[in-house]
Amino acid sequence: SETTKNDLVRIYGIDPDRITVVYLGNSLFPAAFADCRPTIKLPEKYVFFVGTRNSYKNFGNFAMAMAELMRADHALKLVCAGGGKFSEEERQLLSGLGIADRVEQYNMSDADLYFAYKNALAFVFPSLYEGFGIPIVEAFVSGCPLALSRSSCFPEIAGDAAAYFDPQDVASIRQTVGDLVYDDARRNELRSKGLARGEIFTWEKTAEETMTVYRRLSRRK
């Protein structure tokens with residue numbers, strides 16, 4: 001991302017002309033799952049989280065924000081994909097928040113991941129920092145509305161196709177996610193924008209732009 005490029009320039013003093021930004025692509029293709037059915041029984045009403053939950057992923061603040069929403073709406077659940085089973089510390093956190101029985105974790109196949117995105121009320125990415133954020137693109141192509149941290153590269157990658165919050169502020173996360181979960185029109189708006197923006201990120205484009213860099217370098221010899 002351009003954000004990562006700027007970090008390299010700022011931290012290491014690298015000449016920006018020596019850095020080329022090439023966006024990553026998407027490996028989750030909805031057409032491939034046309035004849036598939038989910039193997040996981042997903043809740044009727046849930047918010048979706050993907051990936052590891054350590055440190056900079058900011059899962060603690062996110063869980064606290066979700067707990068407030070889930071206490072007000074007992075039908076609402078939280079589904080987590082990947083990242084391994086909950087640690088003892090995470091189980092204690094969820095239990096202390098009173099939501100342990102309504103938070104589920106699965107290791108998912110690509111097909112189940114697609115269906116989990118597709119049927120979620122929202123995908124939430126609360127990280128404090130990411131270099132790109134492939135789950136953003138996966139959510140886009142799956143037709144899932146997004147709520148993202150207003151930090152690092154997220155606004156660059158998602159543009160106006162996501163709702164944003166301050167990842168350090170639990171109230172901001174709760175407000176943004178809650179507004180999205182309970183606003184059908186807003187979810188439909190972001191779903192439509194996301195599907196269009198997701199078309200930007202393809203591995204074909206990544207390969208072409210990477211090859212352009214290699215060709216440029218070979219001509220310098």
Side-chain angles (χ1 to χ4, degrees), residues 1-34 36 48-59 80-84 107-118 120 123-164 167 190-221:
S1 63
E2 292 287 346
T3 303
T4 302
K5 173 181 177 177
N6 293 337
D7 288 342
L8 289 170
V9 172
R10 176 176 56 83
I11 296 170
Y12 295 104
I14 297 173
D15 180 352
D17 291 337
R18 295 182 60 198
I19 303 172
T20 300
V21 173
V22 177
Y23 287 143
L24 301 178
N26 160 60
S27 299
L28 207 60
F29 304 106
F33 311 122
C36 297
F48 194 37
F49 176 93
V50 174
T52 59
R53 302 175 296 274
N54 53 297
S55 60
Y56 72 96
K57 294 294 186 176
N58 201 32
F59 184 75
C80 301
N107 294 321
M108 298 186 180
S109 65
D110 282 353
D112 284 332
L113 186 62
Y114 165 70
F115 285 113
Y117 278 121
K118 182 179 175 63
F123 161 65
V124 182
F125 209 171
S127 292
L128 302 176
Y129 187 91
E130 296 286 342
F132 179 80
I134 283 181
I136 294 174
V137 183
E138 292 177 340
F140 279 162
V141 301
S142 302
C144 181
L146 285 78
L148 308 176
S149 295
R150 188 178 293 281
S151 62
S152 69
C153 66
F154 285 172
E156 174 189 346
I157 303 303
D160 67 349
Y164 294 96
L190 292 183
R191 186 178 291 113
S192 178
K193 288 182 175 180
L195 286 168
R197 190 160 180 86
E199 295 178 0
I200 298 172
F201 305 99
T202 69
W203 287 119
E204 290 79 10
K205 186 175 180 182
T206 301
E208 289 170 3
E209 293 182 0
T210 301
M211 184 58 72
T212 297
V213 174
Y214 288 155
R215 291 193 181 108
R216 186 171 70 244
L217 291 173
S218 68
R219 289 195 295 269
R220 291 181 180 176
K221 292 184 178 179

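These values consider heavy atoms only, across backbone and side chains, with no hydrogens, waters or symmetry-generated copies.
Using a 4.5 Å cut-off on side-chain heavy atoms (C-beta onward), Val21 and Glu209 make no contact. Side-chain contact check for Leu190 versus Leu146: every heavy-atom pair is 4.5 Å or farther apart. Counting heavy atoms from C-beta on, the side chains of Tyr114 and Cys36 never come closer than 4.5 Å. The shortest side-chain heavy-atom distance between Tyr117 and Leu28 falls under the 4.5 Å cut-off. Within the 4.5 Å cutoff, the side chain of Glu130 has no heavy atoms near those of the Ile136 side chain. The shortest distance between side-chain heavy atoms of Val124 and Phe49 does not fall below 4.5 Å.
Using a 30° and 60° split on the angle between ring planes, Phe33 and Phe115 fall in the tilted class, from 30° to 60°. Taking the six-membered ring where tryptophan is involved, the planes of Phe201 and Phe132 are perpendicular, since the angle between them exceeds 60° and thus also 30°.
Under 4.0 Å is where a charged nitrogen must lie from a carboxylate oxygen, and between Glu138 and Lys118 no such pair does.
No side-chain donor-acceptor contact under 3.5 Å links Thr202 to the backbone of Gly25.
Of all non-hydrogen atoms in Gly83 and Arg53, the two that sit nearest each other are O-NH2, 3.4 Å.
Taking Arg10 as the reference, Asp7 meet the salt bridge (charged side-chain N to carboxylate O under 4.0 Å, His left out) condition, with sequence neighbours excluded.
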